[in-house]
Amino acid sequence: MTDLEVAVTGIGLVTPAGIGIEPTWQGVCAGVPTAATDPELAGLPVDISCRVPSFDPRALLGRRATMSYDRFTQLALVASGEAIADAGLDPSTWDGARVAVVVGNGVGGAATWETQYRRMLDGGPRTVSPLLIPMLIPNMVAGNVAIRFGATGPNLVTATACASGATAIGTARDLLRRNVCDIVLTGGVEAGVAPLMVTGFAQMGALSNRTDSPARASRPFDVDRDGFVMSEGSAMLVLERPGDARARGARIRAHLAGYGASADAHHMTAPDPSGNGVERAIRHALAEAGLGPDDITHVNAHGTSTPLNDRAEANVIARCLGGAPAVTSVKGVLGHSLGAAGAIEAALTVLTIEHGLIPPTANLERQDPEIAIDVVTAKARPQRVDAALSNSFGFGGHNTVLAFTAA
Amino acid sequence: MTNAYKQLADILVTRFEVEPEELRPDVTFEELELDSLFLVELGLVLEQDLGVKITEEDATPRSTVRSVADLIEARLPASA
């Protein structure tokens with residue numbers, strides 16, 4: 001164990017595969033894609049998405065959850081509640097000043113922004129809700145987690161686009177290691193499936209145009225991949241120093257052993273084809289974890305299903321990790337939830353280590369011949385995993401790599 | 001019960017998630033967990049739905065539902 005290592009003692013998941021750890025894990029392992037035609041996107045060139053099913057804010061969060069919170073805050077509050085319970089913690093008795101909150105988010109309250117802007121155009125400025133700002137600003141998710149659970153330690157939101165959730169977890173680890181808190185609630189959230197936002201991603205050519213067969217649209221590493229499918233969701237983790245976790249008898253699901261971060265400084269949205277930035281992040285995470293490149297037997301890839309990402313990422317994995325790790329991308333099932341993805345995938349990496357079962361990459365029918373890595377496909381692969389990486393990359397050239405090890 | 005009270009009660013239940021059994025003429029907005037931000041929103045809804053202007057000074061968290069209903073009653077356009 002290194003002195004940077006922290007314990008994962010709780011997980012909460014809200015994803016298109018379901019609300020909760022179990023439905024999400026079952027859905028991801030079954031490999032059944034969640035993408036579908038989205039009525040809220042009707043009439044747009046790209047009208048498919050992955051949505052959290054049957055999410056009832058009032059039933060899950062109580063009165064005025066719909067009026068007070070944008071969906072991104074709602075999703076994270078539900079995930080936080082599950083993570084706290086999963087860790088066996090009780091917010092009514094904890095020392096809130098020693099509880100930090102770090103949440104990654106990409107676009108804030110996108111749907112609220114769009115709805116209220118339309119209200120202003122249609123009805124004039126006097127019709128704009130006074131709740132607009134508290135609903136849409138991205139940091140409000142961390143603020144509301146603090147209010148709901150009485151967490152008065154350091155509190156912030158990280159924004160590194162599609163790496164935000166992973167950046168949050170790495171940042172949270174640093175807060176624990178600086179000893180400014182004893183417990184961190186950390187993860188990511190996104191609810192960016194709104195007409196303008198989806199259209200923006202479509203206009204840059206990032207999204208799959210396979211709108212006639214949505215279930216087949218997100219196909220990481222497949223030769224016929226043509227972009228990602230917009231998704232939503234949240235994952236929250238409870239992190240503690242291993243000694244603290246053991247002292248209170250907590251179940252340690254896995255350890256976060258290393259965190260590597262770098263910037264490509266190459267292009268606003270395209271990954272650096274050399275993969276040098278990703279390689280530096282991987283090597284840093286390995287060094288922190290005290291692991292060699294051959295020790296990694298599983299990689300939960302960023303694997304967005306865009307032509308550029310998947311090839312560049314596969315090349316770096318093949319080049320840097322000598323142990324021929326079994327790679328998967330859960331985005332074939334869940335789509336791409338932007339700022340939530342890194343946290344959801346971190347949580348799923350922890351579950352993979354715990355269960356000794358690697359979820360399949362949905363829709364991988366014919367692997368791109370230029371991609372020379374071992375990708376798990378068709379069905380979940382039983383395999384013992386002692387050390388794994390979870391990769392996340394964001395527009396802007398952000399690279400974040402988390403290394404997890406078995407408890 | 002004035003017509004305005006019924007209209008206000010209806011808006012509070014359907015738009016502001018107030019439970020019908022909580023509603024009484026002398027209950028305050030604070031007791032219904034409606035803070036000043038919600039009351040600004042309520043003002044917008046009243047203006048849009050009833051054509052009545054209720055300001056932040058008219059409806060504060062300590063105002064009762066009846067007091068605001070009385071203001072609405074007094075200010076309702078003749079045709080309403």
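Predicted model only: the values in this text are computed from it and were never measured. Just so you know, these numbers use all the heavy atoms, side chains as well, and skip hydrogens, waters and symmetry mates. Labels below follow one simple rule: chain letters A, B, ... track the order of the sequence lines, proteins then strands, and each chain is numbered from 1.
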Original post:
How would you list all residue pairs meeting salt bridge (Lys or Arg N to Asp or Glu O under 4.0 Å) that involve residues 105-122 of chain A, not counting sequence neighbours?
Top reply: A:R119-B:E41
Original post:
Under a 4.5 Å heavy-atom cut-off, does chain A meet the side chain of B:V45, its backbone, both or neither?
Top reply: neither
**OP:** Anything in residues 75-88 of chain A with a heavy-atom distance to chain B below 4.5 Å? Please list those residues in order.
**Re:** none
**OP:** Name the region of B:E19, side chain, backbone, both or neither, that has any atom closer than 4.5 Å to a heavy atom of chain A.
**Re:** both
**OP:** Taking all non-hydrogen atoms of both residues into account, name the closest pair between A:R63 and B:V18 and its distance.
**Re:** NH1-CA, 3.9 Å
Original post:
Of the non-hydrogen atoms in A:R64 and B:F16, which two are nearest, and what is the gap between them?
Top reply: NE-O, 2.8 Å
Original post:
Taking only heavy atoms into account, what residues of residues 21-37 of chain B are found under 4.5 Å from chain A?
Top reply: B:E22, B:L32, B:E33, B:L34, B:L37
Taking distance alone, no hydrogens or angles, what donor-acceptor pairs closer than 3.5 Å link side-chain atoms of residues 148-156 of chain A to residues at least two apart or in another chain?
unit_1 : atom_1 : unit_2 : atom_2 : d
A:R148 : NH2    : A:L61  : O      : 2.8
A:T152 : OG1    : A:G96  : O      : 3.3
A:T152 : OG1    : A:A97  : N      : 3.1
A:N155 : ND2    : A:A142 : O      : 3.0

